[in-house]
Amino acid sequence: MTITCSQLLEKHSQAWLAATVHPFLEQCKSGTIQQKQFNTWLVQDYLFVVEFTRFVARVLTNAPTHHFDVILGGLGALKDELNWFKVKARERQLTLETNLQDACSQYCKYLEILADMPYAVQITALWAIELAYNQGWQLPGDMPETYAEFADRWGNQNFTEYVKLLEQLADEAMSSASQTVQTQTESVFLEITRKERDFWEMAMIAKLE
Ligand code: HMH
């Protein structure tokens, strides 16, 4: 029996909800999020995406050739995303040269740990991390103008298609993975849900330095 992405979501639906439904996103929608909270998220997420880009490059290194197209597409989108973050930070007069806060730093360190794991684990992790934002930003519904482009960045149709393709790659890789690797993947999936939730928490409580 091989486990699939949709089974992971079903089996750990509570953990997944905690990762993707959060007061941070709901308060963006209601317009009650404080600037300090939003800006903390913005700067820390840029710093996260820098390390995430390195992670995706490592996943590419391990990927079978027929997975290149999807992953390279993801890397191309990350090029655009990193530049977009810089524009958003400039608009808000935020410096991106700042320290990683705890939850961000822990998540980035975890990406490095993932770099030494088997490809099936890595590609499933990549799918889960992208799906977390793809669903998270869409769940609250229409965002007010200020946050609409943030919601759209991860909620748009192209990104949704990309995440579906990642799911196919992950399911394929898992279908030939050993039981040990599948068990490892499941615990990595759960760890990602915790790290995603902690990231939202960090933005809600942390102060800009
Ligand atoms: C914390 N998780 C976090 N940041 C992101 N930008 C994504 C996932 C999606 O790419």
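As the structure is a prediction and not an experimental result, all values here were calculated from the model. Every number for a ligand or one of its atoms is a count from 1 in the order of the listing.
- Counting atoms of ligand 1 from 1 in the listed order, those under 4.0 Å from a heavy atom of F199 are 1 (C).
- Set against the non-hydrogen atoms of V49, the atoms of ligand 1 under 4.0 Å away are 6 (N).
- The part of E196 lying near ligand 1 is the side chain, judged by heavy-atom distances below 4.0 Å.
- Looking only at heavy atoms of the protein, atom 6 (N) of ligand 1 is closest to D45 OD2, 2.9 Å.
- Of all the heavy atoms of I129, the ones lying under 4.0 Å from any atom of ligand 1 are found in both the backbone and the side chain.
- Q157 and E161 share a side-chain donor-acceptor pair at under 3.5 Å.
- Every atom of ligand 1 with a heavy atom of E130 under 4.0 Å away is listed here by number and element: 9 (C), 10 (O).
- Of all the atoms in ligand 1, the ones that sit under 4.0 Å from a non-hydrogen atom of W154 are 6 (N), 9 (C), 10 (O).
- Partner of L166 under the side-chain contact (heavy atoms from CB on, under 4.5 Å) criterion, out of N134, D171, L131, I123: I123 alone.
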Inset, instruction - Report the C-alpha separation of Y107 and E196 in whole Å, then their side-chain angles, then the decisive distance to 0.1 Å, and conclude whether the side chain to side chain donor-acceptor pair (under 3.5 Å) test is met. - result: CA-CA 8 Å; Y107 206 165; E196 287 290 331; 2.6 Å; yes
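- Side chains of L165 and D69 form no contact here, defined as non-hydrogen atoms less than 4.5 Å apart.
- Note: F150 and W84 meet the aromatic proximity criterion, with ring centroids under 6.0 Å apart.
- Counting protein heavy atoms only, atom 5 (C) of ligand 1 is closest to Y133 CE2, 3.3 Å.
- Within a 6.0 Å sphere centred on CG of D142, heavy atoms belonging to other residues, nucleotides or ligands number 12 at most.
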